[in-house]
Amino acid sequence: MAATLIDGKALAAKVREEVAAEVAALGHVGIATILVGDDPASHIYIDLKHKAAEAAGIEARDLRLPAATSEEDVLALVAELNADDAVDGILVQLPLPAPLDESRVIEAIDPSKDVDGIHPWNAGRLYLGRPTLVPATPLGVMRMLAEYEIEIEGAHAVVVGRSAIVGKPVAQLLLLANATVTVCHSRTRDLARHTLDADILVAAVGQPHLIAADMVKPGSAVIDVGLTRTDEGLRGDVDPAAAERAAYLTPVPGGVGPMTIAMVLQNTASAARARRAAIAKAL
Ligand code: NAP
């Protein structure tokens with residue numbers, strides 16, 4: 001039997017509507033993005049985020065700096081945005097061009113405005129089981145599992161990939177939802193032995209079709225985060241033939257991708273709500 005394809009596009013549209021309603025209720029929500037340099041893919045991502053933010057009623061400030069900008073100037077801009085009450089979310093598009101120190105720039109962001117959820121304060125809260133702002137892609141993965149009522153509690157979840165932005169936070173979220181979690185990476189021996197035992201398989205590697213159909217457990221839920229541009233088009237980490245074995249599968253494109261931007265917007269609305277509550281409490 002063929003898998004149910006998880007429709008990330010439709011779910012992302014639903015999340016964006018929810019965010020628009022929340023933004024309308026909050027009155028004003030603002031995001032500022034910082035893009036340094038001229039990486040073409042980064043420009044495309046920033047344009048997409050702005051379009052989506054504006055459609056949800058979020059005021060989006062687009063700050064673009066030349067590649068030669070000094071670290072001090074980037075840090076000064078972050079400090080300015082931290083102090084600006086009209087800005088609820090700050091997003092620094094990565095990667096930053098060399099020699100800028102990404103960690104220094106990220107750690108300069110006010111954690112309550114860190115809508116990418118990558119400041120050590122937010123990452124630490126997630127690790128301790130008290131998540132605040134969580135990276136958007138892992139949030140999108142969890143929302144997909146929830147929406148399709150895929151049981152997480154007690155399931156064996158296998159995450160392939162251990163980056164700070166996808167693999168590790170998705171593993172933490174699955175653990176928080178009471179899955180038994182295995183994290184695989186480039187040094188894992190016999191990857192198939194692990195993936196074949198996964199009730200929930202999350203692939204976040206960036207190697208087209210690394211997960212062959214016969215590496216997937218029959219009846220499992222497979223979330224393909226991987227996105228690689230090839231001459232034949234966009235490719236995920238999972239061979240689409242896995243649909244013959246899995247119960248659920250996210251397509252590429254149209255799966256996790258659209259969810260990521262929607263969840264950045266959701267994080268921005270959450271940051272705005274939390275900041276309003278903190279300000280009201282302080283008054
Ligand atoms: P990353 O930082 O390059 O991490 C890749 C991970 O895959 C690493 O942990 C690496 O292991 C592991 N890996 C590499 N080769 C492997 C192999 N043969 N077997 C098992 N694990 C292997 O990438 P990322 O930022 O997490 O992104 C992963 C993929 O998701 C990329 O294709 C990216 O474009 C995509 N992505 C998509 C979205 C979306 O919205 N759909 C969002 C973010 C990322 P080591 O740690 O040992 O090196």
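Remember, it's 1-based here, ligands and their atoms both numbered in the order they're listed.
Close approach of ligand 1 to G161 is summarised as follows: ligand atoms under 4.0 Å from at least one heavy atom of the residue are 6 (C), 7 (O), 9 (O). Heavy-atom proximity to I165, at under 4.0 Å, picks out these atoms of ligand 1: 25 (O). Atoms of ligand 1 lying under 4.0 Å from any heavy atom of V160, numbered from 1 in the order shown and given with element: 20 (C), 21 (N).
Under 4.0 Å is where a charged nitrogen must lie from a carboxylate oxygen, and between D47 and R64 at least one such pair does. Under a 4.0 Å N-O distance rule, the pair D84/R61 qualifies as a salt bridge. For D85 and R275, the salt-bridge test passes: some basic side-chain N is under 4.0 Å from an acidic carboxylate O.
Across H43 and G37, no two heavy atoms sit closer than the pair NE2-O, 3.2 Å. Smallest separation of non-hydrogen atoms from P111 and L133: O-CD1, 3.5 Å.
Among all protein heavy atoms, the one lying closest to atom 31 (C) of ligand 1 is G206 CA, 3.7 Å. Closest to atom 34 (O) of ligand 1, if we only count protein heavy atoms, is L227 O, 3.2 Å. Nearest protein neighbour of atom 15 (N) of ligand 1, counting heavy atoms only, is Q207 NE2, 3.0 Å. With hydrogens left out, the protein atom closest to atom 14 (C) of ligand 1 is V205 CG1, 3.6 Å, a heavy atom. The protein non-hydrogen atom at the shortest distance from atom 1 (P) of ligand 1 is S163 CB, 4.1 Å. Of the protein's heavy atoms, R162 N, 4.0 Å lies nearest to atom 8 (C) of ligand 1. Nearest protein heavy-atom contact of atom 21 (N) of ligand 1 is H185 C, 3.2 Å. Looking from atom 47 (O) of ligand 1 to the surrounding protein, the closest heavy atom is S186 OG, 2.5 Å.
Contacts of D237 with ligand 1, taken as heavy-atom pairs under 4.0 Å, are absent altogether. For V225, heavy-atom contacts with ligand 1 shorter than 4.0 Å involve the backbone as well as the side chain.
Side-chain contact check for T250 and D224: no donor-acceptor pair (N or O, by modelled atom type) lies under 3.5 Å.
Y248 and V216 fall into different hydrophobic clusters, where Ile, Leu, Val, Met, Phe, Trp and Tyr side chains are chained together by heavy-atom contacts under 4.5 Å.
Of the options T228, D224, L94, V166, the smallest heavy-atom separation from atom 44 (C) of ligand 1 is shown by V166.
Residue contacts with ligand 1: A204 is included, with a non-hydrogen atom under 4.0 Å away. Within the 4.0 Å heavy-atom cutoff, G226 counts among the residues contacting ligand 1. Not a single heavy atom of T188 sits less than 4.0 Å from an atom of ligand 1.
Although no hydrogens or angles enter the test, the distance criterion places a donor-acceptor pair under 3.5 Å between the side chain of H156 and the main chain of D197.
Note: L196 CG to I211 CD1 = 10.0 Å, rounded to the nearest 0.5 Å.
For E151, the CD atom is loosely surrounded, since the number of other residues' heavy atoms within 6.0 Å does not exceed 12.
In this structure the side chain of V252 never reaches within 4.5 angstrom of the side chain of V238, judged on heavy atoms.
Polar contact with ligand 1: present for T260 (N/O pair, distance under 3.5 Å).
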